[in-house]
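Here's the structure, in structure tokens; my notes come after.
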Amino acid sequence: DAKTTQPPSMDCAEGRAANLPCNHSTISGNEYVYWYRQIHSQGPQYIIHGLKNNETNEMASLIITEDRKSSTLILPHATLRDTAVYYCIVRVRGGGSNYKLTFGKGTLLTVNP
Amino acid sequence: GAVVSQHPSWVICKSGTSVKIECRSLDFQATTMFWYRQFPKQSLMLMATSNEGSKATYEQGVEKDKFLINHASLTLSTLTVTSAHPEDSSFYICSARRDSVAEKLFFGSGTQLSVL
């Protein structure tokens, strides 16, 4: 699986958009970008995933650059409850019974009042 | 939505005893479950992949005789930490792959293990 690089920490004001970057310059053509987050002392939570087109769901938007070497997770209106560690993971879709996720260090997003 | 229940949420035990952690998929069947360990201020580390009806696959460096995994049904996987020592104190998290929605994993709320 391709390696990802994320800033260790970011701050955001409550009500503003939070833009979390992720570099994955060695991504392969069949690898997807996944985002999970982990609120303190809880299990991770799936946010969104995509291949090359921008994606949006009820939680966030995912913007993937045309060359697919980087992406940005956007939380349009951050709240205090969005304070968490956000993980960007790149892997091949599917994988049968060997499917597994490998977590990096992620970005600690702190939303301030 | 899919729910994964993990029990207990926290446990304190004496050194040398064994501790069992349960992971249940409440509203879906999970052929595959995963066990992670997380030390303070660190990321999740995959320990093993649990497959229903077969032996678990352990990641390199994880002692299979110390961390016993059983996946006897499509909704339950257990992790037993045998002869626990203080260095086994950690946050243990399970996750399940919902076969019909295979692109994302659903995680339990985690178990904080403290070995005295």
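Excluded from the calculations below are hydrogen atoms, water molecules and symmetry mates; all remaining heavy atoms, backbone and side chain alike, are included. Quick note on labels: first sequence line is chain A, next is B, and so on, each numbered from 1.
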Would you call A:Tyr36 and B:Leu105 a side-chain contact if the rule is heavy atoms closer than 4.5 Å?
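The answer is yes; the side chains approach within 4.5 Å.
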Got a second to check how far A:Gln45's CD is from B:Phe106's CZ, nearest 0.5 Å?
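Reported to 0.5 Å precision, the distance equals 10.5 Å.
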Please round to the nearest 0.5 Å and tell me the distance separating atom OH of B:Tyr36 and atom CG of A:Leu101.
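Spacing of OH (B:Tyr36) from CG (A:Leu101) equals 5.0 Å.
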Going only through I, L, V, M, F, W and Y residues with side-chain contacts under 4.5 Å, is there a path from [X] to [Y]?
X	Y	value
A:Leu62	A:Met10	yes
A:Val33	A:Met59	yes
A:Ile27	A:Tyr86	yes
B:Val62	B:Met33	no

Scan for disulfide (SG to SG under 2.5 Å) pairs involving residues 45-90 of chain A, sequence neighbours excluded, and state none if there are none.
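Qualifying pairs, neighbours excluded: A:Cys22-A:Cys88.
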side-chain hydrogen bond (donor to acceptor under 3.5 Å, both in side chains) partners of residues 50-59 of chain A, not counting sequence neighbours, each pair once:
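side-chain hydrogen bond (donor to acceptor under 3.5 Å, both in side chains) check on residues 50-59 of chain A returns A:Thr56-A:Ser61.
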Could you pull out all donor-acceptor pairs under 3.5 Å where a side-chain atom in residues 38-46 of chain B meets a protein atom, sequence neighbours excluded?
residue, atom, partner, partner atom, Å
B:Gln38, OE1, A:Gln38, NE2, 2.8
B:Gln38, NE2, A:Gln38, OE1, 3.0
B:Gln38, NE2, B:Gln42, O, 2.9
B:Ser43, OG, A:Gly104, O, 2.3

Above 12 or not: heavy atoms from other molecules or residues under 6.0 Å from NZ of B:Lys66?
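Count over threshold, so yes.
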Using a heavy-atom distance cut-off of less than 4.5 Å, which residues of residues 83-93 of chain B contact chain A?
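Within residues 83-93 of chain B, the residues under 4.5 Å from chain A are B:Phe91, B:Ile93.
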Please confirm whether the ring centroid of A:Tyr46 lies under 6.0 Å from the ring centroid of B:Phe107.
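A:Tyr46 vs B:Phe107: aromatic centres not under 6.0 Å.
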Side chain, backbone, both or neither of B:Gln112 within contact of chain A (heavy atoms, under 4.5 Å):
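Neither the backbone nor the side chain of B:Gln112 comes within 4.5 Å of chain A.
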